[in-house]
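Each remark here refers to the structure printed beneath this line.
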Amino acid sequence: MAAAGSAVGLGNIWRFPYLAGMNGGAAFVLVYILIVAVIGYPVMIAELSLGRRSQLNALGTFRKLAGGPWVAAGWLSVVIPFFILSFYGVVAGWTIKYTIMSFGSLMSDAAAGKAGDLFGAFIGNWQSVVFYQALFMLITIVIVAMGIEKGIEASCKFMMPLLYLILFVLIVRALTLPGGSAGLDFYLKPDFSKLTGKVILDALGQAFFSLSLGMGIMITYGSYLNKEENLPSSAALICLIDSSVAFFAGFAIFPGVFAMGLQPAQGPGLAFITCPAVFAQIPGGMFFSALFFILFFLAGLTSAISLLEVCTSYIIDELKWNRTKATWVVGLLITAVGIPSAMSLGGHIPTIRLFGADMGFMDVVEQVANNIGLPLVGIFVAVFAGWFWSNDAKMEITNNGTVSFGLWTPWLWICRVVAPLAIGLVLWSAL
Ligand code: PHE
């Protein structure tokens, strides 16, 4: 459940719907589900079993079990969370701003059709975006520096069901809005002419990001699992919970988008524009909106804590710094690296050309870290587990032969051939 808690974050409610919207809707959703089942699930099993065997963090795991060039995967899985947290903090900062705005004129403005203008004005004011990013990062740093993240995570486990409940209210309202069914068509009826290499690449990167794969997180969680735990069913549960939250978020958003005459392909602002617009159509919308953004904030906070913890614990282990110093130095560095991301959304810094498009700085960091970095670590994990570690993997996955794993042969060949080949091809074609 803790691993599922790490997996569920901004990625499910903010990033999944916005990518689905930009990539043509249902075709993206279908490819995403396929990738989670065929690549995400086997890689999740591999990461959990590596961690449970080594009883160490990601870098330690690659050093102890693999050594040699494999240690590069361990390095990557420390560097990538650094960059991911840099933009994650920006978006999480928006949830603070929106919580505060919920108590102000957000509902009346949204009811007047101004939710989009409001968002545009907010991200256009980069000082304000950086302020909320810094505030969010400060909260994260203080928690990690004090070493109290376990307490926060435990309490969030009780609050997450509340988030699903509000999501459910949002879904019911969105689905009953006149004109909402066009959103369902967009979300559920695939138009395969929309399927391009870039759509598949986005789905692949999002699958790794959302499942918290390729960052050493699941290796670390694997090291906490006891030896009786059934790894394939734990991995299945994590994938199922994470994907269903993302899938449901789409049901809350797309009917709303079409009923309100909004654009599905508008990008990162999608959830922040659509959700208030739908809440404004509910009696007591202010209450629901405030509660929703508070819970959204907490979902982001728990994920940010684990991202910062990966970087911090690495510094503590390697450089022997104390926790306070390590956390503050790394946390402030990440915040600084996030500032250009915060500024790029309002167009305050020049765009960069990548994948044949002009992108803002935040887009670039997001795409390089999620679409290239994470799948690359995924290849390392799959190839290592499938070709060089399969005897130990079999012992670990079957708890030394005491539980059966009917999917052993498919798992092995997915790790050996299918996953590396598929990921390699997608990266190759997109690059
Ligand atoms: N999976 C989280 C999300 O979807 C992001 C995350 C990645 C959190 C890695 C922790 C570690 O928001």
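We number each residue from 1, following the sequence as shown.
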**Request:** Test Val36 against Leu211 for side chain to side chain contact (heavy atoms under 4.5 Å, CB included), laying out the working first.
**Result:** CA-CA 8 Å; Val36 168; Leu211 296 171; 4.2 Å; yes
**Asked** Passes ring-ring contact (aromatic ring centres under 6.0 Å, His included), Phe254 versus Phe258? Steps please.
**Response** CA-CA 6 Å; Phe254 289 106; Phe258 282 78; 7.3 Å; no
**Request:** Run the numbers on Ile39 and Phe208 for side chain to side chain contact (heavy atoms under 4.5 Å, CB included), then give the verdict.
**Result:** CA-CA 9 Å; Ile39 297 177; Phe208 274 86; 4.2 Å; yes
**Message:** Assess the residue pair Arg323 and Glu309 against the criterion (salt bridge (Lys or Arg N to Asp or Glu O under 4.0 Å)); give the C-alpha distance rounded to whole Å, side-chain angles, the decisive distance to 0.1 Å, and a yes or no.
**Reply:** CA-CA 10 Å; Arg323 172 167 282 273; Glu309 180 65 35; 3.0 Å; yes
**Request:** Under the side chain to side chain contact (heavy atoms under 4.5 Å, CB included) rule, what do Trp328 and Val142 come out as? Steps first, then yes or no, please.
**Result:** CA-CA 8 Å; Trp328 279 97; Val142 168; 4.1 Å; yes
**Request:** Mind running side chain to side chain contact (heavy atoms under 4.5 Å, CB included) on Phe16 and Ser210 for me, showing each step along the way?
**Result:** CA-CA 8 Å; Phe16 176 79; Ser210 189; over 6 Å; no
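Under the 3.5 Å distance criterion, the side-chain polar atoms of His348 are left unmatched by any main-chain donor or acceptor of Pro340. A distance-only check finds a donor-acceptor pair linking the side chain of Arg416 to the backbone of Gly386 [under 3.5 Å]. A donor-acceptor pair is defined here as one N or O able to donate and one able to accept, closer than 3.5 Å; such a pair exists between the side chain of Asn23 and the backbone of Leu19. Not one N or O on the side chain of Lys114 forms a donor-acceptor pair closer than 3.5 Å with the backbone of Asp109.
Ring centroids of Phe168 and Tyr164 are separated by 6.0 Å or more, keeping the two rings apart. Remark: aromatic rings of Tyr98 and Trp94 are distant, center separation not under 6.0 Å. Between Tyr132 and Phe136, the ring centre distance reaches or exceeds 6.0 Å.
Atom CG of Leu118 is separated from atom CD1 of Ile123 by 11.5 Å, given to the nearest 0.5 angstrom. One distance of note links CD of Glu47 with CE of Met215; it measures 8.5 Å at 0.5 Å rounding. Between Thr327 atom OG1 and Ile315 atom CD1 the span is 10.0 Å, to the nearest 0.5 Å. One finds the CG atom of Leu50 at 11.5 Å from the OG1 atom of Thr220 (value rounded to the nearest 0.5 Å). Rounding to the nearest 0.5 Å places CG of Leu163 at 9.0 Å from CG of Leu298. The CG atom of Leu204 lies 9.0 Å from the CG atom of Leu374; values are rounded to the nearest 0.5 Å.
Ring geometry for Phe292 versus Phe296: interplanar angle of 30 to 60°, hence tilted. By the 30° and 60° cut-offs, the orientation of the rings of Phe119 relative to Phe122 is perpendicular.
Residues Leu213 and Met44 meet the side-chain proximity criterion, which asks for heavy atoms closer than 4.5 Å. Looking at heavy atoms from C-beta onward, Ile217 lies in side-chain contact with Tyr221 at the 4.5 angstrom threshold. By the 4.5 Å heavy-atom criterion applied to side chains, Val129 and Leu345 are not counted as neighbours. Considering only heavy atoms from C-beta on, Leu175 comes within 4.5 Å of Leu184 through its side chain. Looking at Tyr314 and Asn57, their side chains never come closer than 4.5 Å, going by heavy atoms from C-beta outward. Counting only heavy atoms from C-beta outward, the side chains of Glu366 and Ile84 never approach each other to under 4.5 Å. Annotation: side chain of Val330 is in contact with side chain of Leu308 (closest heavy-atom distance under 4.5 Å). Side chains of Ile35 and Val31 form a contact here, defined as non-hydrogen atoms less than 4.5 Å apart.
Residues satisfying the salt bridge (charged side-chain N to carboxylate O under 4.0 Å, His left out) criterion with Asp317, sequence neighbours excluded, are absent altogether. Evaluation of the salt bridge (charged side-chain N to carboxylate O under 4.0 Å, His left out) rule for Asp242 yields no partner, not counting sequence neighbours. Judged as a salt bridge (charged side-chain N to carboxylate O under 4.0 Å, His left out), and not counting sequence neighbours, Lys325 has no contacts.
A salt bridge (Lys or Arg N to Asp or Glu O under 4.0 Å) check over residues 174-187, counting only residues at least two apart or in different chains, returns the pairs Asp185-Lys189.
Taking 4.0 Å as the cut-off between side-chain N and carboxylate O, Asp191 and Lys194 count as a salt-bridged pair.
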Under 3.5 Å, side-chain donor or acceptor atoms of residues 65-83 against the rest of the protein: list the pairs with distances, not counting sequence neighbours.
residue: Ser77; atom: OG; partner: Ala73; partner atom: O; Å: 3.1
residue: Ser77; atom: OG; partner: Gly74; partner atom: O; Å: 2.9

Enumerate, atom names and distances included, each donor-acceptor pair closer than 3.5 Å involving a side-chain atom of residues 264-289, sequence neighbours excluded.
residue: Gln266; atom: NE2; partner: Gln263; partner atom: O; Å: 2.8
residue: Thr274; atom: OG1; partner: Leu270; partner atom: O; Å: 2.8
residue: Ser289; atom: OG; partner: Ser102; partner atom: OG; Å: 2.8

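Gln367 and Lys198 are linked by a side-chain donor-acceptor pair at a separation below 3.5 angstrom, with hydrogens and angles left out of the test.
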